[in-house]
Amino acid sequence: MKTYPVLRIIEHSPTVKSFYFERMTDALPGQFVNVWLPGLDEKPFSVSALGDDWLEISVKAYGPFSSAMMELKPGDRVGIRGPFGHGFSLQNDALLVGGGIGIAPLHLLAQALSAQGLRFVSLLGATNKSELIFATDFERRSERCFFTTDDGSMGKKGLVTDDVLQIISDHRIRFVYAAGPEIMFVKLKELLDPLGIDYEFTLERYMKCGIGICGQCVLDGSGARVCVEGPVFNRQALKEVTDLGLPHRDASGRRK
Amino acid sequence: MKTYPVLRIIEHSPTVKSFYFERMTDALPGQFVNVWLPGLDEKPFSVSALGDDWLEISVKAYGPFSSAMMELKPGDRVGIRGPFGHGFSLQNDALLVGGGIGIAPLHLLAQALSAQGLRFVSLLGATNKSELIFATDFERRSERCFFTTDDGSMGKKGLVTDDVLQIISDHRIRFVYAAGPEIMFVKLKELLDPLGIDYEFTLERYMKCGIGICGQCVLDGSGARVCVEGPVFNRQALKEVTDLGLPHRDASGRRK
Amino acid sequence: MVNVSFLNLNLERPTVLASGILGLTADSMRRVVESGAGAVTTKSFNTEGRKGHPNPSILPFRHGLLNAVGLSNPGVAEVIKEIKKFKAQCEAPIFASIFGRTIEEYGEVTQQLVEASPDLIEVNVSCPNVRSEFGTPFGDSPQDTAKVTEIVKKYAGNIPISVKLGPHGPGVGRMAKVCEDHGADALTLINTVGPGMLIDIDVRKPILSNKTGGVSGPAILPIAVKSVFEAYEQVRIPIIGTGGVTTAEDAIQMILAGATLIGIGSGVYYQGMEIFRKVNRGIQDYLTKYGFTSPAEIRGLAHE
Amino acid sequence: MVNVSFLNLNLERPTVLASGILGLTADSMRRVVESGAGAVTTKSFNTEGRKGHPNPSILPFRHGLLNAVGLSNPGVAEVIKEIKKFKAQCEAPIFASIFGRTIEEYGEVTQQLVEASPDLIEVNVSCPNVRSEFGTPFGDSPQDTAKVTEIVKKYAGNIPISVKLGPHGPGVGRMAKVCEDHGADALTLINTVGPGMLIDIDVRKPILSNKTGGVSGPAILPIAVKSVFEAYEQVRIPIIGTGGVTTAEDAIQMILAGATLIGIGSGVYYQGMEIFRKVNRGIQDYLTKYGFTSPAEIRGLAHE
Ligand SMILES: Cc1cc2nc3c(=O)[nH]c(=O)nc-3n(C[C@H](O)[C@H](O)[C@H](O)COP(=O)(O)OP(=O)(O)OC[C@H]3O[C@@H](n4cnc5c(N)ncnc54)[C@H](O)[C@@H]3O)c2cc1C
Ligand SMILES: Cc1cc2nc3c(=O)[nH]c(=O)nc-3n(C[C@H](O)[C@H](O)[C@H](O)COP(=O)(O)OP(=O)(O)OC[C@H]3O[C@@H](n4cnc5c(N)ncnc54)[C@H](O)[C@@H]3O)c2cc1C
Ligand SMILES: Cc1cc2nc3c(=O)[nH]c(=O)nc-3n(C[C@H](O)[C@H](O)[C@H](O)COP(=O)(O)O)c2cc1C
Ligand SMILES: Cc1cc2nc3c(=O)[nH]c(=O)nc-3n(C[C@H](O)[C@H](O)[C@H](O)COP(=O)(O)O)c2cc1C
Ligand code: FES
Ligand code: FES
């Protein structure tokens, strides 16, 4: 493990920030790095953007770790190792569905898709406007970009999944990417499976090693490791998963 | 360490044999390999010849280890690791002076010199004819080849060093290689230093590691390790050596 | 197929998933069997479960892994469910690895566990990560190890038990004998070595949250081989040789030293899940090359 | 120059040649100083000398070295000559490493050795290779280690003594305290780990003639760092941190854990004699980068 100083911080909202580091590694869209706060803990975060000489992650404050990240100042050193896992495939005519901080991995995906000249539409939802991160960038890169917020402070009031079918038929969508809360995946599966549309979702599970040996992050049913075979899984792989949207294992391995 | 079966054995005399193995490594003339007889010991031996697919070492029976080697049969496995050490430089207009089993490393040198089209003369001495190994091959490759034996059974009766000065002046020799008993080197130094002729001798010391860490094989004066900086040393390096021809250290490190 | 008999079991392949690696859920262990393991071992568990240490808890370094997972586990009740689920899906034997904070707890967890009928109970007395919390590991004391062995044996009924030792303490040979004398049906050798520590020189702190962690992986192979060799001279019960195996050659060294089965843990990091298949195939190739028909024929040959 | 004071000495560089590596003759040790070592340690010796084990006695494997040289040495009388010769040629301090087959022999060899006035007497109580011959290493027993420390101290006069411990036995922290309490002026941590064994799978025999050998080199770095860290919390005497150092980063980890000097042995195989210069320079660069002026300023910082 090596440590790197935080170079720059973007404050999207009091509870969502992006952190820039030197570009210590490549990463494919959907891959993640493990971030170590010395003395506290280490957790996985998706790479949200890559520049020529920088790497960005975006964090939403939930519990102790992500809240501690909100306290970071430029110059503070954090450990970073990775990239880990398998990322998204790059497809044409795609819809990107992001919920909350799930927008972060989709942002790197949007970068990659547009770099390849692939066509895509975005549909992003969050609690409120300030958490709709990278909104301008998505608008610039996507053929069309739709927003939803819980409070209606930007885009339509409601859930991201409300208009998915409509957008799919309006925009000749043949592939769906999604990142966000797992309940969203359950809903998307219900909507997409009857249509026979392929998709890739990026899953989260409690992780210890990030390198495929502890078994902490395995999915029920398939037994796939989110840190190695995932975090991105396609329709085929998700068919075998039996705990999607159900309570996950905590640090002890017990289901909550 | 890996083990290899003996492929073929050439019996030069009851106490001198050559052993062939698959060519598990390259070796420069003067470099050696460590040979392990499982259950007994491990000792260094110069590579005496290389073929497209074989490597040869040549052994003279002295004590327990080399005598045990005389018992080897084709198919028996011995451990071989290496090559170790630094070999001879390749020079033109050279004289190769070999005494006894010292002829072995010079044989690989003769192969290399003639492969490079370099001109050389050989002068080989042994106790008797049967120990003048590779005689025909040296005769074929050298511009001239002289022999001496203790009993006169081949070539001139006497010591290799007797006619060195004569040969040097007769054959426009500008560089001398030598391998054999250390007393021979002492004599050669006396003869060559006044002439200002450069030389390389290959030295032997009791070895443990062969990889430069145990310090068992170091020379007095220079502190050079025979297994790493040697076994071939040139005039410059030998100037600093203070125990040439003197009793060496045994396994305990004590001078005998 | 490299069949091997081990106690009352007949394994189709001599490789076993070591405890603590991918052994949390039935589905995960089933995948390991599909990748070629002859048997699997669960992560070590106790009665109540444990959260374990915060991350970083597993740290690869150039020559092995350092880990201080801290025996995190969901407790025996959850594990029983997973074992049953595994047995419903899979023919391969499953070994249940247990630990306790007290000698009595080893007994309690065994009493509850038998309901799940694992094929073997592996008794972990040697995890170095819990030293500071529970004092010295039981495996460092011949007396404690004897007592733990006896109590687990008492409650295990006809399920065989294997005691898992570390390379430290008062000598593996001696400890192996203690276990055999007190009822162990097999031994698992070895747990992690050390423990060790690595420090980040820029933030100037130990990297593992627990500061120290046990060393596993290629760095410890020689210590594992030596431990198996030493124990094999002292006992007649079979040994699951574990520690640093990443290639078939490593596994063959273990067998020549005296192992009946080969445990593989960290190797999954170095070679992926494919390691089980690769090692099995390499053992088979070796046996064929030298005209042997089963691993049993080469077991312990390095002693001759 | 990375000056560092150690006991009554002022070293120009913090790296020390570890015992058993290139420490047989004065000229060999002089070359090591010329390559950048701040001090050198002789190979361990006793009164009469020993032939040691036959070869193979030193075996590199993928992640370290295995050695069973067997404490070969020419005896104290020869070593005294070499120490005097070294001191006549070299300014750098020389540490004399001693061992004995009995507690009394440690006393005898010290009595004879003082004549040579080494700068430090390093007391090797922890060589794992002689276990079988002399029973358990003295370093595994607090009582024996205390006695050895006392007797060497008694005869050493004003020459400081450092006790060299292994990572095993009843805990490095506890043993460190025992040494300090019984008169040790410094500690050298650690000796080799294990021991281990490697088996040739084609001839089916252990490769080392002694069968087992101590593990050194990169594989053991985490165990060495942890040992220094643990001892540093228990004692105030300085520590020569040794084990697996092959880079400046490794050495800095040792210093952050609490080492005053850095012992380097197997690193000579991995990096050549240049390792001393490279590590010194790397430490200097690190200090400069973070605005420190001496290794003393970063010593033990990983404890904060
Ligand atoms: C592959 C992967 C990629 C990830 N990428 C990112 C990323 O790019 N940005 C990011 O902010 N986080 C990401 N996470 C989540 C992150 O690793 C942490 O889990 C998260 O920061 C919460 O940690 P904590 O310790 O602060 O809170 P915890 O104490 O773990 O959680 C506090 C509470 O919040 C809930 N919670 C935790 N995480 C989430 C979540 N993701 N969604 C909804 N509720 C949650 C928990 O259930 C709990 O009740 C990723 C996780 C994985 C596995
Ligand atoms: C770099 C190097 C290359 C070598 N290459 C070869 C080689 O190509 N072929 C080969 O046969 N040997 C070679 N040797 C010597 C070999 O390694 C052994 O030392 C030799 O075989 C004797 O070992 P032993 O155990 O049989 O006898 P030992 O018990 O070591 O010796 C028995 C007696 O013979 C004497 N003796 C040992 N070696 C020699 C010698 N070389 N010359 C004169 N007297 C000796 C000893 O002093 C002792 O009295 C080489 C040694 C070195 C260091
Ligand atoms: C991440 C990790 C977790 C482990 N957890 C356990 C455990 O819970 N119980 C146990 O007996 N051994 C545990 N071990 C030790 C392994 O089972 C094994 O004995 C050791 O790692 C040596 O084998 P290896 O080198 O193949 O990994 C763990 C090892 C690792 C690397
Ligand atoms: C070949 C070899 C010989 C050794 N001989 C001795 C010895 O005589 N006395 C001693 O105290 N330590 C001896 N050691 C141990 C080293 O001094 C050192 O403590 C250990 O190797 C760890 O450091 P390293 O990883 O830098 O080699 C020896 C080590 C090796 C590799
Ligand atoms: S986090 Fe350890 S296997 Fe995925
Ligand atoms: S044989 Fe060990 S240094 Fe040369």
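Below, each value reflects all heavy atoms present in this structure, side chains not excepted, and no hydrogens, waters or symmetry copies. Proteins come first, then strands; the chains are lettered A, B, ... in the order of their sequence lines, and each starts at number 1.
Most heavy-atom pairs under 4.5 Å with chain A, from the set C/Pro60, C/Ser209, C/Ala26: that is C/Pro60. The most heavy-atom pairs under 4.5 Å with chain C, out of A/Arg81, A/Lys43, A/Arg255, come from A/Arg81. With chain A as partner, the option from C/Leu59, C/Ile21, C/Leu198, C/Asp202 having the largest number of non-hydrogen pairs under 4.5 angstrom is C/Asp202. By number of non-hydrogen pairs under 4.5 angstrom with chain C, the leading residue of A/Glu240, A/Arg249, A/Lys2 is A/Arg249.
Inspection of the C/Ser97 and C/Ser44 side chains reveals an N or O donor paired with an N or O acceptor under 3.5 Å. Remark: the A/Ser252 side chain and the A/Asp250 side chain contain an N/O donor-acceptor pair separated by less than 3.5 Å. Counting only N and O atoms by type, the side chains of C/Glu249 and C/Thr247 include no donor and acceptor under 3.5 Å apart.
Residues C/Glu105 and C/Arg101 are paired through a salt bridge, judged by an N-O separation under 4.0 Å between the basic side chain and the carboxylate. Salt bridge annotation for C/Glu82-C/Lys87: absent, with no cationic side-chain nitrogen under 4.0 angstrom from a carboxylate oxygen. Salt-bridge check for A/Arg8 with A/Glu56: failed, with every basic side-chain N at 4.0 Å or more from each acidic carboxylate O.
Proximity to chain C at a heavy-atom threshold of 4.5 Å picks out A/Met207, A/Lys208, A/Cys209, A/Ile211, A/Gly212, A/Ile213, A/Cys214, A/Gly215, A/Gln216, A/Val218, A/Leu219, A/Asp220, A/Gly221, A/Ser222, A/Gly223, A/Ala224, A/Arg225 from residues 189-228 of chain A, in numerical order.
C/Ile201 does not touch chain A: none of its heavy atoms, backbone or side chain, sits under 4.5 Å away. With a 4.5 Å cut-off on non-hydrogen atoms, A/Leu37 does not touch chain C at all.
Separation of the A/Phe134 and A/His12 ring centroids falls under the 6.0 Å cut-off. A distance of 6.0 Å or more separates the ring centres of A/Phe45 and A/Phe32.
Among C/Ile121, C/Val123, C/Asn124, C/Thr188, the one residue that satisfies the side-chain contact (heavy atoms from CB on, under 4.5 Å) test with C/Ser162 is C/Thr188.
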